[in-house]
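As structure tokens, the structure follows; a few thoughts come after it.
In what follows, every chain begins at residue 1, and chains take the letters A, B, ... in the order their sequences are listed.
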Amino acid sequence: MPHAWPDDEAEALRIQDALRPLVDTVGPGPRAPRTVAGVDVAYGADRPDGSTPVAAAVVVLDTVTLRPVATATAVGSTTFPYRPGLFAFRELPTVITALRSLHHTPDLLLCDGQGLAHPRRFGLACHLGVLTGLPTAGVAKNAFVGTFSGLGTERGEWAPLLDGTEVVGRALRTRSGVKPVFVSVGHAIDLATASRHVLALAPGYRLPETTRLADRLCRQVLRG
DNA sequence: GCGACAG
DNA sequence: ATCTTGTCGC
């Protein structure tokens, strides 16, 4: 029942409304995860029939060595169009397929996109968390909702992402002098803990190693 | 009404 | 997301 994929926008909105109450925004989640997985999707050129080729990748990293210990991929196609706010319905079906073939359960899942920093507080990371039951967090390259101010320039500094008076996430500086990433809770973890893990996973580049490796892998799969 | 809008 | 090499700057 919960694993239904919508055919239209109205149905997608109803599914988000039904699943949103299932999100655990308290956590606290894994304090010292042994493994963290990155999830990403790549798209090919639209086909004549209107569908789009999709490749999903999951890369599990050892948090100490930051080296991959397991990977999983899946290929498929989407007919659901890209709509800000309904992003998950375009990506998750293929992601779920990839996760089913992953014979390793990571302590945390990091998604490319938002969690609670979403107009209806149910971004991609929340959706994936509810469907899998695993702790998840969103790491986005751009803010979707919310604003921040007074963010310091040094690595490790952060500012709350506010939507009105509500804290929906954090702008986190992973590299000094470089645009921050936007972290938000997905499921079964708290914001501070998620942010701490994201920073630790991004010792050298703006994006955490999890998403960098997942990004590289899904693009590679899309070709081969 | 107009523009903005995760990937 | 994707189309895409070299290049300007610290």
Side-chain angles (χ1 to χ4, degrees), chain A residues 5 9 12-13 15-16 19-20 23 38-48 50-59 73-96 98 109-130 136-148 153-155 161-164 166 168-187 191 194 198 204-208 210-223:
Chain A
W5 301 114
E9 209 166 301
L13 291 172
I15 292 174
Q16 289 189 330
L19 297 182
R20 183 179 49 226
V23 176
V39 179
D40 196 21
V41 170
Y43 298 90
D46 292 352
R47 302 194 187 86
S51 68
T52 305
V54 171
V58 182
V59 177
T73 62
V75 294
S77 60
T78 317
T79 52
F80 205 91
Y82 170 70
R83 286 277 182 282
L86 300 177
F87 185 44
F89 299 104
R90 187 167 166 78
E91 294 210 338
L92 286 192
T94 311
V95 167
I96 297 293
L109 231 41
L110 289 186
C111 302
D112 221 37
Q114 319 288 347
L116 293 175
H118 174 278
R120 291 172 298 281
R121 307 291 180 265
F122 197 71
L124 173 70
C126 298
H127 202 144
L128 185 59
V130 167
T136 61
V139 182
K141 295 182 283 298
N142 297 290
F144 185 17
V145 297
T147 58
F148 66 96
T153 182
E154 298 305 301
R155 166 180 160 82
L161 190 62
L162 297 172
D163 190 6
E166 185 179 354
V168 295
R170 267 183 200 183
L172 172 65
R173 196 83 74 179
T174 51
R175 290 198 69 179
S176 298
V178 174
K179 176 178 179 171
V181 296
F182 301 87
V183 181
S184 59
V185 166
H187 180 65
L191 182 57
V198 169
Y205 297 90
R206 177 165 88 114
L207 297 177
T210 41
T211 64
R212 297 186 71 240
L213 292 176
D215 178 79
R216 187 171 63 66
L217 181 55
C218 65
R219 294 195 195 200
Q220 174 183 315
V221 168
L222 193 57
R223 304 175 187 179

> Once you round to the nearest 0.5 Å, how far does OG1 of A:Thr79 lie from CZ of A:Arg47?
Replying inline: 10.5 Å

> Rounded to whole angstroms, how far apart are CG on A:Leu207 and C1' on C:dA1?
Replying inline: 14 Å

> Whole Å only: how far is the CG atom of A:Asp215 from the C1' atom of C:dT2?
Replying inline: 12 Å

> Could you walk me through whether A:Asp112 and A:Lys141 pass the side chain to side chain contact (heavy atoms under 4.5 Å, CB included) check?
Replying inline: CA-CA 8 Å; A:Asp112 221 37; A:Lys141 295 182 283 298; 3.2 Å; yes

>> What I want to find out is whether A:Arg219 reaches A:Asp40 closely enough, with some N-O distance under 4.0 Å, to be called a salt bridge.
In response: no

>> Please give the stem ranges for DNA chain C, sorted by first residue number, where a stem is three or more consecutive Watson-Crick or G-U pairs and both donor-acceptor distances are under 3.5 Å.
In response: none

> Taking protein heavy atoms under 4.0 Å as touching, what does nucleotides 2-7 of chain B look like 5' to 3' if B marks base contact, S marks sugar-phosphate-only contact and - marks none?
Replying inline: ---SBB

> Looking across every strand, which nucleic acid part, if any, lies under 4.0 Å from A:Ala45 by heavy atom: base, sugar-phosphate, or nothing?
Replying inline: nothing

>> Would A:Ser176 and A:Glu154 count as a side chain to side chain contact (heavy atoms under 4.5 Å, CB included) here? Give the steps.
In response: CA-CA 4 Å; A:Ser176 298; A:Glu154 298 305 301; 3.2 Å; yes

> Taking it one step at a time, do A:Arg212 and A:Asp215 satisfy side chain to side chain contact (heavy atoms under 4.5 Å, CB included)?
Replying inline: CA-CA 5 Å; A:Arg212 297 186 71 240; A:Asp215 178 79; 5.8 Å; no

> Yes or no on side chain to side chain contact (heavy atoms under 4.5 Å, CB included) for A:Phe182 and A:Phe144, after CA distance, side-chain angles and deciding distance?
Replying inline: CA-CA 9 Å; A:Phe182 301 87; A:Phe144 185 17; over 6 Å; no

> Would you say the ring centroid of A:His127 lies under 6.0 angstrom from that of A:Phe89?
Replying inline: yes

>> Given A:Thr78, which partner from the list A:Val54, A:Asp46, A:Val41 fulfils the side-chain contact (heavy atoms from CB on, under 4.5 Å) test?
In response: A:Val54

